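We name chains A, B, ... by the order of the sequence lines, and we start the count at 1 in each one. In this text, all values refer to a predicted model and were calculated from it rather than measured experimentally.
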2 protein chains.
Amino acid sequence: MPLPASFPELASLDLFVSVVELGSVSQAAAAHGVSQPSASSRIKHLERQLGMRLLDRGPTGSLPTDAGVVVAGWAETILRAAHELAAGLSAFRAAQVGRLRIVASFTIAEYLLPQWLDRFSRDHPRDSIALEVANSTTVIDRLRHGAADLGFIETPAELDGLDEAIVGNDELVTVVAPSHPWATPRTVPVEALAATPLVMREAGSGTRAALAAALRDLGLGEPSAVLELGSTSAVRAAVVHGNSPTVISRLAVDAEVVAGQLVEVDVPSLSVARELRAVWPTGTTLPSLASALLDDIG
Amino acid sequence: MPLPASFPELASLDLFVSVVELGSVSQAAAAHGVSQPSASSRIKHLERQLGMRLLDRGPTGSLPTDAGVVVAGWAETILRAAHELAAGLSAFRAAQVGRLRIVASFTIAEYLLPQWLDRFSRDHPRDSIALEVANSTTVIDRLRHGAADLGFIETPAELDGLDEAIVGNDELVTVVAPSHPWATPRTVPVEALAATPLVMREAGSGTRAALAAALRDLGLGEPSAVLELGSTSAVRAAVVHGNSPTVISRLAVDAEVVAGQLVEVDVPSLSVARELRAVWPTGTTLPSLASALLDDIG
DNA sequence: GCAAAGGCATAGAGACATTCTATGAGGTGA
DNA sequence: TCACCTCATAGAATGTCTCTATGCCTTTGC
């Protein structure tokens, strides 16, 4: 579902929030490196777009109206997410010059690293981080070959020659759309789950392998797929708008569950928990930046 | 802290996410109502801005690269927040034609209503909602005079003639910047808190009144202000970048605390909890849309 | 009182970006 | 092999956004 065509630009919201924080259009303009008239006109444009006055302008500065305060609050949520993307990107881009080379699995890179890096980059503004995203096998491979300093994985694997530290937890949960029959009892026997075709990632994904292993341990067969999709987003969207369950990382659907777009279904006796761990080569002293990052996370 | 100057536009991220979801640039272009070359050029521009290839283009469509999958995940977080703003705005704007008139206090309108409304508008796409933001007294006043159908407040008040339902909880918490002396023990006696000048909202705000009442109950004096600011955002920013504590709604600082920008400090024997409640006029049947919204929330 | 300083709005010109239509090239499937 | 779908390119027109220069207003300090 695309955003409305007249949705305000990120830059305008950013500018407006700065006006609210700094108390004047001029100062906000300076903070953003644009001229005062330009800022003034952009704020006016924003007010026209939203159809409401956001600022009370006076000779001593500008204060937000009631509506302005509320809109600024909403805008800050967007900007917070934007800063996380920027933090992740700068790590991505620093691939060549990074002083701390991180390699992380998809789930961690998508849902946890941006927050960690955003925070870390505030504490260490001069240090660049390089980020590579890969599957667990590749993560371990990179560390063993000295191509990365610090790795993050979510699967327990053979870790010869690597030290590790647990930095969080994740588990697979079963979710359905609110209209799905399972949504009302909010519980379903594992046999029924195993017998129901699911929306899934393609074969080979870690999530799918973990589910298959758990079902096998219970003496049940392979899960079958009603739909195989190549990205977590796609799976999520298919479950929200469709009529099939999926089994997916809790991290990936937390926001949707809180917002009520998805319902988590309890499946007694099916438990697929994974510890999220940082790993690094044994023997080498962990670079000081890496220690600092781990301290930050913990 | 403004966003980097070259940060991608919201519209481009939106378009890119659509490409990932729909599997082709052409289809995404159609979904956004622009021509295919325009979409193609915007995606290319996005790739140049980010300095990485996001899509593998082929004659059968386009699939995201590894980097593309990760960036799409980050972008979705931003877009989710943007949709919430859009939902709040459309309620704001519908002031004249709304079929369900809501009046809510600041905190609830800022931090909870957008999620509720975003979800509600998906379930009831044809129904418009009007939203007014006001303090608790005004909320009650509007309901008594029939100027609104449903209200949300966070203070227990005299509610003669109004029915109510509890829809959530909030409490005041004490927070400081990570560099503040209180951040390390993470606890401070209430006497020390009462004796320390705080960053505060202006006199008259509900938060400030609740804190003053709690301290009075403990036989302590009025809290003093090192800085008085007119919006929650401003208070938050002052605490993050300054050296003074504040006592503030947990809802308002949850994201900062999780991200490590702020540290929550335990203050034994100081507890200021508030129930968030929906209120509506007694006797009148609650409009069906209002019931539906309350069901959604619960 | 009066000047100085800071704040915001307006006007006009110029640079820049973005859009569209039309077209071409490449691969897939019937 | 033909029809269809994919995406990329070219060129022109449109529009938007920026900047500098200026004016008016209020508050502050002498």
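Per the geometry, CG belonging to L63(A) stands 15 Å off C1' belonging to dT27(D), to the nearest Å. The CD1 atom of I43(A) sits 14 Å away from the P atom of dT10(C) (whole-angstrom rounding). As rounded to whole Å, 15 Å separates atom C1' of dA8(D) from atom CZ of R53(B). As a whole-Å value, the separation of Q27(B) CD from dT6(D) P is 6 Å.
At the phosphate of dC5(D), neither OP1 nor OP2 sits under 4.0 Å from any side-chain N or O atom of T60(B). Remark: R57(A) is not in phosphate contact with dG7(C), judged by side-chain N or O atoms under 4.0 Å from OP1 or OP2. Note on S62(B): a side-chain N or O is less than 4.0 Å away from OP1 or OP2 of dC7(D).
Looking at H83(A), its side chain does come within 3.5 Å of a backbone N or O of L79(A) through a donor-acceptor pair. Using a distance-only test at 3.5 Å, with no hydrogens or angles considered, a donor-acceptor pair links the side chain of T246(B) to the main chain of V199(B). Panel note: side chain Q49(B), backbone E9(B); no donor-acceptor pair is recorded below 3.5 Å.
No option in V69(A), L46(A), D66(A) other than L46(A) meets the side chain to side chain contact (heavy atoms under 4.5 Å, CB included) test with L54(A).
Annotation: side chain of M200(B) is in contact with side chain of L211(B) (closest heavy-atom distance under 4.5 Å).
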Can you check each nucleotide of nucleotides 9-18 of chain D against protein heavy atoms at under 4.0 Å and return B for base, S for sugar-phosphate only, - for none, in 5' to 3' order? B--------S
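Inspection of the S18(A) and H32(A) side chains reveals an N or O donor paired with an N or O acceptor under 3.5 Å.
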